[in-house]
Amino acid sequence: MPIKDAIKDQQTVTSEGESTNTLLAGVKKYEAPNIITSNGVTTELYRPEWDIGPEQIRHMIHAILRPGALSAWHMHEFQIDTIFVLHGTIKLVLYDDRADSATKGQINVFHLSRLRPTLITIPPGIWHGLQNLDYSESSFINYFNNPYIYSGPDEWRLPFDTDKIPYQFK
């Protein structure tokens, strides 16, 4: 008999290792295979036939998060983000606040690392935040359908502890 008030874990993956999460409307996920070579490991970051990311990549960044760093919350009205973790372990949390979305009010949480290379595409209107879960730097590549507009950024922000999004980073 468990201790009073203990909470039983819920299923998060299938026996094949696939997530049981239902993706938010418009969010895409692709697990890229690592290719073991005679001298190391190669991972393809993008191929058009994967149907992930924008149709045309117009801007790409490499970002480093300090140990335990948190970058939340932000959203874009027009920009499509596609994220791939290069180093470390990053928690990516998505919140759908789009009025016309079938998944309005829902959350997706992803734990991303190089151990299971994954691309996540985030459509416009989805609030998202990233947290470095490691005790050393983590980094990711983010590529976009539109270049950054310095004079009028497509960036909307809320504080990480806002009560407008039903998720609290720990």
Side-chain angles (χ1 to χ4, degrees), residues 19 21 23-35 40-104 106-134 136-162 164-165 167 169:
S19 173
N21 267 351
L23 295 178
L24 300 179
V27 172
K28 293 182 180 180
K29 176 182 170 189
Y30 179 80
E31 291 184 13
N34 279 324
I35 302 162
V41 178
T42 298
T43 305
E44 293 178 308
L45 298 182
Y46 174 78
R47 294 185 58 89
E49 63 266 21
W50 291 348
D51 188 34
I52 191 156
E55 290 182 19
Q56 182 180 24
I57 298 171
R58 302 284 315 265
H59 188 187
M60 183 182 298
I61 63 169
H62 173 241
I64 297 172
L65 294 174
R66 292 186 178 100
L70 176 60
S71 174
W73 292 96
H74 62 279
M75 183 271 299
H76 314 288
E77 283 188 281
F78 307 104
Q79 180 173 296
I80 298 169
D81 286 7
T82 299
I83 293 175
F84 181 87
V85 171
L86 292 174
H87 180 74
T89 303
I90 293 176
K91 181 192 311 186
L92 170 65
V93 181
L94 309 178
Y95 173 64
D96 191 349
D97 190 41
R98 299 170 294 175
D100 60 346
S101 175
T103 55
K104 180 176 174 46
Q106 295 181 25
I107 299 273
N108 279 158
V109 178
F110 301 98
H111 293 87
L112 305 171
S113 84
R114 285 286 291 128
L115 298 177
R116 194 165 186 170
T118 303
L119 290 154
I120 302 286
T121 295
I122 306 165
I126 298 278
W127 287 92
H128 47 291
L130 300 117
Q131 183 178 23
N132 180 358
L133 299 178
D134 280 347
S136 60
E137 291 180 341
S138 289
S139 68
F140 61 96
I141 289 176
N142 193 353
Y143 56 88
F144 317 105
N145 60 323
N146 296 317
Y148 184 82
I149 302 169
Y150 298 101
S151 62
D154 180 20
E155 301 279 341
W156 298 88
R157 297 192 184 272
L158 287 169
F160 77 93
D161 59 352
T162 182
K164 297 182 185 324
I165 295 178
Y167 184 87
F169 285 91

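Values below: every heavy atom of this structure, side chains too, minus hydrogens, waters and symmetry copies.
Heavy-atom minimum distance, Val27 versus Pro123: CG2-CD, 3.7 Å. Summarising the geometry of Val85 relative to Leu112, their closest heavy-atom pair is CG2-CB, 3.5 Å, with the distance given to 0.1 Å. Between Gly88 and Ser113, the closest heavy-atom pair is O-CB, 3.2 Å. Nearest approach of Pro54 to Tyr46, heavy atoms of both residues: O-OH, 3.9 Å.
Two residues are said to be in side-chain contact when any heavy atoms from C-beta on lie closer than 4.5 Å; Phe84 and Pro117 meet this criterion. When side chains are defined from C-beta on, Leu92 counts as touching Ile122, because their heavy atoms get closer than 4.5 Å.
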Which side-chain N or O atoms in residues 148-160 pair as donor and acceptor under 3.5 Å with protein atoms at least two apart or in another chain?
{"from": "Asp154", "atom 1": "OD1", "to": "Glu77", "atom 2": "N", "distance (Å)": "2.7"}
{"from": "Asp154", "atom 1": "OD2", "to": "Glu77", "atom 2": "N", "distance (Å)": "3.3"}
{"from": "Asp154", "atom 1": "OD2", "to": "Phe78", "atom 2": "N", "distance (Å)": "2.8"}
{"from": "Asp154", "atom 1": "OD2", "to": "Gln79", "atom 2": "N", "distance (Å)": "2.9"}
{"from": "Glu155", "atom 1": "OE1", "to": "Arg157", "atom 2": "NH2", "distance (Å)": "3.4"}
{"from": "Trp156", "atom 1": "NE1", "to": "Glu77", "atom 2": "OE1", "distance (Å)": "3.2"}

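To the nearest 0.5 Å, the span separating CG on Leu24 from CG on Asn108 amounts to 3.5 Å. Summarising the geometry, atom CG belonging to Leu94 is positioned 8.0 Å from atom CH2 belonging to Trp73; distances are rounded to the nearest 0.5 Å. Between atom CD1 of residue Ile80 and atom CZ of residue Arg58 there is a gap of 12.5 Å, rounded to the nearest 0.5 Å. To the nearest 0.5 Å, atom CD1 of residue Ile57 and atom CG of residue Asn146 are 12.5 Å apart. Going from atom CD1 of Ile90 over to atom CZ of Phe140 covers 6.0 Å, rounded to the nearest 0.5 Å.
In this structure Asp134 satisfies the side-chain hydrogen bond (donor to acceptor under 3.5 Å, both in side chains) test with no other residue, sequence neighbours excluded. For Ile141, the side-chain contact (heavy atoms from CB on, under 4.5 Å) partners are Leu45, Met60, His62, Leu86, Tyr143, not counting sequence neighbours. Residues satisfying the side-chain contact (heavy atoms from CB on, under 4.5 Å) test with Lys29, not counting sequence neighbours, are Ser19, Leu23, Glu31, Phe110, Thr118, Ile120.
Residue pairs satisfying the side-chain hydrogen bond (donor to acceptor under 3.5 Å, both in side chains) criterion with at least one member in residues 88-100, sequence neighbours excluded, are listed as follows: Lys91-Tyr167, Asp96-Arg98, Asp96-Ser101, Asp96-Thr103, Asp97-Lys104, Arg98-Ser101. Applying the side-chain hydrogen bond (donor to acceptor under 3.5 Å, both in side chains) test to residues at least two apart or on different chains, the pairs with a partner in residues 123-133 are His74-His128, Asp81-His128, Asn132-Ser138.
A donor-acceptor distance shorter than 3.5 angstrom exists from the side chain of Thr121 to the backbone of Gly53, with no hydrogens or angles considered.
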Using the side chain to side chain contact (heavy atoms under 4.5 Å, CB included) rule, take Arg114 and Asn34 through it: C-alpha gap first, then chi angles, then the decisive distance, then the call. CA-CA 9 Å; Arg114 285 286 291 128; Asn34 279 324; 3.6 Å; yes
